[in-house]
Structure formats: C-alpha cells, structure tokens
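The figures here come from the full heavy-atom set of this structure, side chains too, leaving out hydrogens, waters and symmetry mates.
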Amino acid sequence: MKDSIRHLIQQALVRLTAEGVLPEGLTPAIQVENTRDKSHGDFASNIAMMLAKPAGLKPRDLAEKLIAALPQDAQISKVEIAGPGFLNFFQNSDALAERLETALADPQLAVRKATAAQRVVIDLSSPNLAKEMHVGHLRSTIIGDAVGRVLEYLGDEVIRQNHVGDWGTQFGMLLAYLEEKPAAAESELSDLEQFYRAAKQRFDESAEFADRARELVVKLQAGDSQCLNLWNRFNDISLSHCQKLYDRLNVRLTPADVKGESAYNAELPGIVDALRSQGLLTEDNGAQCVFLDEFKNAEGNPLPVIVQKAGGGYLYATTDLAAMRYRSQVLHADRALYFVDQRQALHFQMAFEVARRAGFVHEGMQLEHMGFGTMNGADGRPFKTRDGGTVKLIDLLDEAEQRAYALVKGKNPELDEAELRQIARAVGISAVKYADLSKHRTSDYRFNFELMLSFEGNTAPYLLYAYTRVASVFRKLGKGIDEIGGHIQLEAEQELALAARLAQFGEVLNNVGEKGEPHLLCTYLYDLAGLFSSFYEHCPILAAEQEEQKQSRLRLAALTGRTLKQGLELLGLETLERM
C-alpha cells in the first residue's frame with residue numbers, strides 16, 4: 001500500500017509540475033508512514049509540507065492541490081488534510097479484505113522481499129572452544145538466527161558461518177592436559193570449564209607442564225600429526241557441547257556451519273603479503289600495521305590495524321580479513337552480517353575499510369556489523385554467578401525450564417507429566433529468547449526471570465498463549481485453520497484495526513531483514529495479539545449472528561493464527577496448540 005500511495009503522489013506531482021504549480025526539477029523522497037491513530041486514516045505523508053516552500057504556497061493550500069491531482073484508486077476510500085498539511089489516506093475496507101484473502105490463500109502469507117534476493121553470509125554465535133558457552137554467547141546466537149530465518153523467508157540465500165575460536169596459545173595448555181590424562185578426559189571434558197581450570201592450575205604450578213604446553217603450541221602451529229589429532233579430539237567434544245545447546249535453543253546451526261579461526265590459518269601470511277604489495281603496510285615497533293587517516297586516537301594520531309605482531313604472530317584482524325576475502329571470493333556473498341558485541345564496533349569499522357582498500361571484497365559487497373548490547377543482572381552490571389563467575393548458558397536454560405515447569409504446573413495441575421515437561425521446555429526456552437529478542441539490538445538489558453515468564457505484557461508466555469486462543473477457536477469448531485470457507489468482510493472497528501495490522505506483516509519482515517532488528521517483529525506480534533484480543537472480546541466468532549459474519553471472523557482468526565505462528569517461528573520460538 002505504501003508503494004501504491006507513493007506512486008499516486010508521484011503522478012500528482014508530475015501533473016502539478018506540468019500545470020506550473022510546482023517548479024521543474026524537483027525530485028523529493030516521498031515519505032509514507034503508518035498512522036498511529038486510525039481516526040486519521042491508515043497512512044500519512046508530509047509531502048505538502050516538504051514542497052510548500054519551493055512551490056511558494058502554504059502547506060495546506062498545496063495539500064488541497066495535491067488531493068485534486070491524485071488519480072482515483074480503488075484501494076483508497078478518501079484522502080484528508082490534517083494539521084499543518086499532512087495528507088491522510090484511508091484504505092478501502094473491501095480492497096483491504098481482498099489483500100487479506102490473498103495472504104490467506106498463499107503459503108507465504110503474500111510476503112515478498114521488497115528488493116532483489118541476495119546471497120547473505122551471517123556470522124553468528126562464535127564461541128571459544130576452550131570454554132563452555134556462556135550467557136555472553138546468547139545474543140549473537142539467537143539474534144543472528146532470527147535475522148537469518150527472516151531473510152530466508154523473504155527469499156535470500158543465507159549462509160551461516162560459526163567463526164569459532166579454535167586456535168591460539170591457550171590450546172597448548174589444554175592439549176598438554178589432555179595428553180597427560182587421556183583416560184579421564186572423556187568424563188572431565190563433560191565440564192569444559194572445570195577442564196580449563198584444571199589445565200590452568202597445572203600450567204601455573206608446574207614449570208615442566210608449562211614448557212610442554214608451549215612446545216605443543218609450536219607443534220600444533222607446525223602441523224604435527226599427533227598434536228593435530230589431540231586438537232581435533234578436543235574440538236569435536238567442545239563442538240558437541242555447542243550443538244546440544246543450539247538444538248535446545250532451536251537455532252539453525254549445524255556442524256557444517258562451523259568455519260573457525262583455524263580454517264584461515266594457512267591464508268594469513270598471504271593476507272600480510274597482499275597488504276604489503278599494495279603499499280598499505282607500515283612497520284611500527286616491529287609490528288606490521290595498516291594506518292587509516294579517518295580513524296584517530298585521543299591525541300589525533302591515526303589508529304593502526306595490526307595484522308602481524310613483532311614476534312610474527314597474527315591477530316583477530318588478520319583472521320577477520322581472511323574471512324572477508326573468503327566470503328567474497330569463495331562464497332560470493334552480496335552481503336555479510338556480523339552479529340558481534342557492540343564493543344567491537346571500531347574493530348569492524350577499521351577491518352571493513354582495510355578489506356575494501358585491499359580489494360579483499362568485491363565492489364558493492366555490503367559489510368555490516370550488527371552490534372548488540374550486553375545482558376546485565378538485576379544490578380545493571382554484566383550478568384554473573386553469585387561468586388562472580390561467568391554464567392554457563394546451559395545452567396541458565398535449566399533454570400528457565402524449571403521455573404516454567406513450576407509456573408505451568410501451578411496453572412494446570414491436571415496435565416500429565418510428559419505434557420507438562422513439553423510445555424515447560426517450550427515456555428522456558430522461548431521466555432529467555434524472547435526477552436532478549438524483544439529488546440532493541442543495540443541496547444543493554446536486565447535479565448529478570450519473573451518478568452520474562454509473566455503472562456502479561458510483551459513476553460513469550462503472553463504471545464504463546466495468544467496463539468493457543470486462536471487454536472482453541474478451531475478446536476471448538478472441530479476444523480483446521482485451513483478449512484474455513486466464506487469471505488472476509490470488514491465492518492466492526494476491531495475487525496478493521498486487526499485487518500490493517502495483519503496487512504503489515506510483509507513490511508515488518510522487510511524492515512527486520514534490512515536493519516537486522518528482530519525487536520521490530522516482536523513489537524508487531526505483541527500488537528497483533530492485543531488487537532486479536534480486542535477483536536475476540538467485541539466480535540463474537542462462533543456465536544456470530546449471521547453465518548456470513550461467522551465465516552468472515554473465522555477467516556480473520558485463521559489469518560491471525562497463521563501470522564502469529566509464522567512470526568514466532570521466524571524468531572525461533574516453538575508454538576503450542578494449548579497451554
């Protein structure tokens with residue numbers, strides 16, 4: 001509808017220019033927004049206020065001329081002037097009903113990508129295999145997963161890349177411990193944190209062990225077969241821990257998506273050579289650096305991107321540049337999205353610029369850092385255990401399920417144990433994920449179990465329950481959502497409000513895909529659930545007075561149910577038929 005209205009306004013502008021009302025050569029960006037108050041129509045444009053000055057007219061006078069010049073369109077019932085000169089467009093309810101019928105008949109709910117389909121690489125999760133996944137990995141994993149799901153739904157080809165930390169000096173220490181205690185390794189590696197602490201303790205206490213760890217690092221980097229076997233074994237066990245969490249979180253990541261730091265190890269000397277051959281390298285205290293004039297420190301001096309340390313070692317920047325080159329030249333990505341902590345913003349700005357100058361990425365490839373804030377505790381500080389340690393992700397999910405189990409059992413004590421556990425799992429995991437996804441990506445937020453498990457407000461339990469309310473209508477009817485005849489007729493105020501929001505699903509998904517912000521979808525689903533609740537209360541469905549009205553409302557309920565279910569699935573949340 002927004003595109004249609006922009007087209008109508010453009011035609012009116014052409015007409016007014018031809019009539020001499022507007023000067024030649026104006027090419028304004030025509031803005032059309034959703035109105036907040038439906039008494040002011042469904043869409044609004046400020047075009048008259050934008051062009052009033054060049055036209056030499058008062059905004060309201062120009063607005064009148066624009067309305068007179070607008071072509072007739074069956075989808076618009078009327079256009080009014082509001083305030084200082086806004087044009088308010090009212091949708092034709094019959095045309096809106098037809099749009100909803102089209103969505104209901106389409107497996108894709110009539111959702112299409114507004115721009116051309118792309119090949120998109122998504123860099124997400126990226127845990128360090130030396131330790132277990134902790135709460136700090138949650139945001140990258142689930143935000144990246146949600147955006148990837150939305151882009152796939154819109155028609156993009158999405159390639160997930162789990163850039164795990166599987167290389168570096170700490171692996172010498174871990175391999176030495178694994179070598180020293182091969183028999184106990186399987187049981188001890190069930191707790192990676194404990195294994196890491198034990199290895200670190202041996203490293204600190206024993207000079208002989210520390211020497212062996214350093215020796216193993218050198219052998220690992222030199223490609224020693226025995227050392228690589230130990231390293232592969234450790235990585236396999238570590239990745240299996242990660243995969244169990246991905247499966248539990250209902251995240252679309254598999255072992256095939258892993259492309260760790262080690263995968264680029266052989267490429268790093270070539271990255272440095274390529275930068276040197278293009279005259280981009282400067283030696284500074286023995287280190288190889290790229291200095292960029294547009295990035296300066298507090299003293300006004302250019303900041304370096306260090307790609308090789310004085311001792312010959314490589315850094316994150318070197319690996320990231322190799323990954324960018326791979327994603328451009330091998331994966332042929334049109335767009336690469338990096339879901340990494342907001343605190344890495346400067347690193348990515350600089351690395352992206354070096355990659356472009358060095359020609360590591362093809363012209364036109366979009367490199368975007370999708371930074372996010374931190375998850376904090378009740379005190380507003382980074383989330384920690386009571387003793388100040390890092391909170392394991394598995395412990396967080398266990399507690400979420402236990403709390404959800406107690407909550408569901410308290411509300412439904414008659415449910416059998418298996419169903420209770422199934423509902424508790426879905427509610428607990430969804431509550432943790434939704435509490436995160438519903439916040440603006442770049443914002444910090446406070447973790448609060450009581451709020452996220454509430455059945456009131458913008459929470460997963462509220463939305464899961466909203467879907468079960470729709471499902472219950474069809475359960476009482478004895479028919480499936482896809483088995484309803486008739487035709488949608490929009491008459492009541494609540495029907496029109498619900499219909500208008502349903503029609504915006506595609507626009508919301510396009511915004512999520514473009515901006516990488518799942519909270520936009522969360523807000524939409526919360527609004528939709530509230531509008532359905534108002535519709536449900538004021539517009540009897542199964543008890544409707546006329547059969548045509550009943551079928552119409554059933555079709556509205558069916559489209560709401562399908563939209564809620566699809567939206568929740570795109571967020572990676574499991575829906576329930578009853579709670």
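Around atom CD of Glu417, more than 12 heavy atoms belonging to other residues, nucleotides or ligands sit under 6.0 Å away. Sparse packing is recorded around CZ of Arg578, with 12 or fewer heavy atoms of other residues, nucleotides or ligands lying under 6.0 Å away. More than 12 non-hydrogen atoms from other residues, nucleotides or ligands lie less than 6.0 angstrom from NZ of Lys2. Counting heavy atoms of neighbouring residues, nucleotides and ligands inside a 6.0 Å radius, atom NZ of Lys131 does not exceed 12 of them. At most 12 non-hydrogen atoms from other residues, nucleotides or ligands lie less than 6.0 angstrom from CZ of Arg381. No more than 12 heavy atoms of other residues, nucleotides or ligands lie within 6.0 Å of CZ in Phe86, so this atom counts as exposed by the packing criterion. More than 12 heavy-atom neighbours from other residues, nucleotides or ligands sit within 6.0 angstrom of NZ on Lys296. For Arg343, the CZ atom sits in a loose shell: 12 or fewer heavy atoms of surrounding residues, nucleotides or ligands are nearer than 6.0 Å.
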| field | Audit row: Arg248, Asp398, salt bridge (charged side-chain N to carboxylate O under 4.0 Å, His left out) steps and yes/no | value | CA-CA 10 Å; Arg248 191 170 174 187; Asp398 284 346; 2.6 Å; yes
| Does the side-chain hydrogen bond (donor to acceptor under 3.5 Å, both in side chains) test come out yes or no for Ser238 and Asn235, once each step is laid out? | CA-CA 5 Å; Ser238 299; Asn235 282 353; 5.2 Å; no
| request: Decide yes or no on side-chain hydrogen bond (donor to acceptor under 3.5 Å, both in side chains) for Asn162 and Tyr246, but give the supporting numbers first. | output: CA-CA 12 Å; Asn162 193 353; Tyr246 295 146; 3.0 Å; yes
| Should Tyr434 and Asn458 be marked as a side-chain hydrogen bond (donor to acceptor under 3.5 Å, both in side chains) after you check the CA-CA gap, both sets of side-chain angles, and the distance that decides it? | CA-CA 9 Å; Tyr434 189 85; Asn458 191 9; 2.4 Å; yes
| field | side chain to side chain contact (heavy atoms under 4.5 Å, CB included) between Val147 and Met370, worked out | value | CA-CA 10 Å; Val147 174; Met370 297 287 177; over 6 Å; no
| message | Please determine whether salt bridge (charged side-chain N to carboxylate O under 4.0 Å, His left out) holds for the pair Asp145 and Arg252, giving the CA-CA distance in whole Å, both sets of side-chain angles, and the decisive distance to 0.1 Å. | response | CA-CA 6 Å; Asp145 179 61; Arg252 289 179 183 168; 5.5 Å; no
| task | Run the numbers on Gln243 and Asp247 for side-chain hydrogen bond (donor to acceptor under 3.5 Å, both in side chains), then give the verdict. | result | CA-CA 6 Å; Gln243 193 57 50; Asp247 294 342; 3.0 Å; yes
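For the pairing with Ile423, the side-chain contact (heavy atoms from CB on, under 4.5 Å) check across Val408, Leu407, Leu464 returns one residue only, Val408. Among the candidates Phe532, Phe455, Tyr526, the single residue satisfying the ring-ring contact (aromatic ring centres under 6.0 Å, His included) test with Tyr462 is Tyr526.
Considering all non-hydrogen atoms of both residues, Arg441 and Gly516 come closest at NE-O, 2.7 Å. Gly513 approaches Leu151 most closely through the heavy-atom pair CA-CD2, 3.6 Å. In this structure, Ala317 and Val305 approach most closely via the heavy-atom pair CB-CG1, 3.9 Å. Across every non-hydrogen atom of Ala424 and Ala404, the tightest pair is O-CB, 3.4 Å. Here the closest non-hydrogen pair linking Phe535 and Gln494 is CA-CB, 3.8 Å. Residues Leu463 and Leu525 share a closest heavy-atom pair of CD2-O, 3.4 Å.
Judged purely by distance below 3.5 Å, without hydrogens or angles, the side chains of Gln504 and Arg501 pair a donor atom with an acceptor atom.
Side chain of Asp334 to main chain of Gln118: no donor-acceptor pair is present (N/O by atom type, distance under 3.5 Å, no hydrogens or angles). A donor-acceptor pair under 3.5 Å links the side-chain atoms of Asn448 to the main chain of Leu451, judged by distance alone. A donor-acceptor pair under 3.5 Å links the side-chain atoms of Asp416 to the main chain of Glu419, judged by distance alone. No donor-acceptor pair closer than 3.5 Å links the side chain of Asn88 to the backbone N or O of Ala44. With hydrogens and angles disregarded, a donor-acceptor distance shorter than 3.5 Å links the side chain of Ser454 to the backbone of Glu456. With hydrogens and angles disregarded, a donor-acceptor distance shorter than 3.5 Å links the side chain of Lys439 to the backbone of Ala435. The main-chain N or O of Ser126 is never found under 3.5 Å from a side-chain atom of Gln161 such that the two would form a donor-acceptor pair. Side chain of Thr318 to backbone of Val307: a donor-acceptor contact under 3.5 angstrom is found. The closest donor-acceptor contact from the side chain of Asp204 to the backbone of Gln201 lies at 3.5 Å or more, if one exists at all. One N or O on the side chain of Arg149 and one on the backbone of Glu569 form a donor-acceptor pair closer than 3.5 Å.
In this structure the side chain of Thr459 never reaches within 4.5 angstrom of the side chain of Met452, judged on heavy atoms. Side chains of Leu573 and Asn250 form no contact here, defined as non-hydrogen atoms less than 4.5 Å apart. In this structure, Glu495 and Leu556 have side chains that are in contact, with non-hydrogen atoms separated by less than 4.5 Å. The closest side-chain heavy-atom distance from His369 to Val340 is below 4.5 Å. Side-chain contact check for Leu509 versus Phe505: some heavy-atom pair is nearer than 4.5 Å. Side-chain contact between Leu174 and Leu178 is absent, with no heavy atoms from C-beta onward closer than 4.5 Å. Taking 4.5 Å as the limit, some side-chain heavy atom of Leu138 sits within range of a side-chain heavy atom of Leu249. Side-chain contact between Phe234 and Phe195 is present, with heavy atoms from C-beta onward closer than 4.5 Å.
The side chain to side chain contact (heavy atoms under 4.5 Å, CB included) search around Asp37 returns Ser39, His40, not counting sequence neighbours.
Aromatic pair Phe372/Phe339: ring centres not closer than 6.0 Å.
With values rounded to the nearest 0.5 angstrom, Arg356 atom CZ is found 11.0 Å from Ser328 atom OG.
Using a cut-off of 4.0 Å between Lys/Arg side-chain N and Asp/Glu carboxylate O, Glu450 and Arg403 are scored as salt-bridged. In this structure, Asp156 does not pair ionically with Arg335, as no charged nitrogen and carboxylate oxygen lie closer than 4.0 Å. By the 4.0 Å N-to-carboxylate-O rule, Lys433 lies too far from Glu574 to be salt-bridged with it.
Judged as a salt bridge (charged side-chain N to carboxylate O under 4.0 Å, His left out), not a single pair has a partner in residues 164-173 (not counting sequence neighbours).
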Please table the atom pairs, donor to acceptor, closer than 3.5 Å between any side-chain atom in residues 465-473 and protein atoms at least two apart or in another chain.
from   : atom 1 : to     : atom 2 : distance (Å)
Tyr467 : OH     : Glu577 : OE2    : 3.1
Thr468 : OG1    : Tyr465 : O      : 2.6
Arg469 : NH1    : Ser533 : OG     : 3.3
Ser472 : OG     : Arg469 : O      : 2.7

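In this pair, Tyr326 and Tyr264 present their aromatic rings perpendicular. The plane angle is above 60°, beyond the 30 to 60° band. Ring geometry for Phe383 versus Phe447: interplanar angle of 30 to 60°, hence tilted. Between Phe348 and Tyr338, the angle of the ring planes lies from 30° to 60°, which puts this pair in the tilted group.
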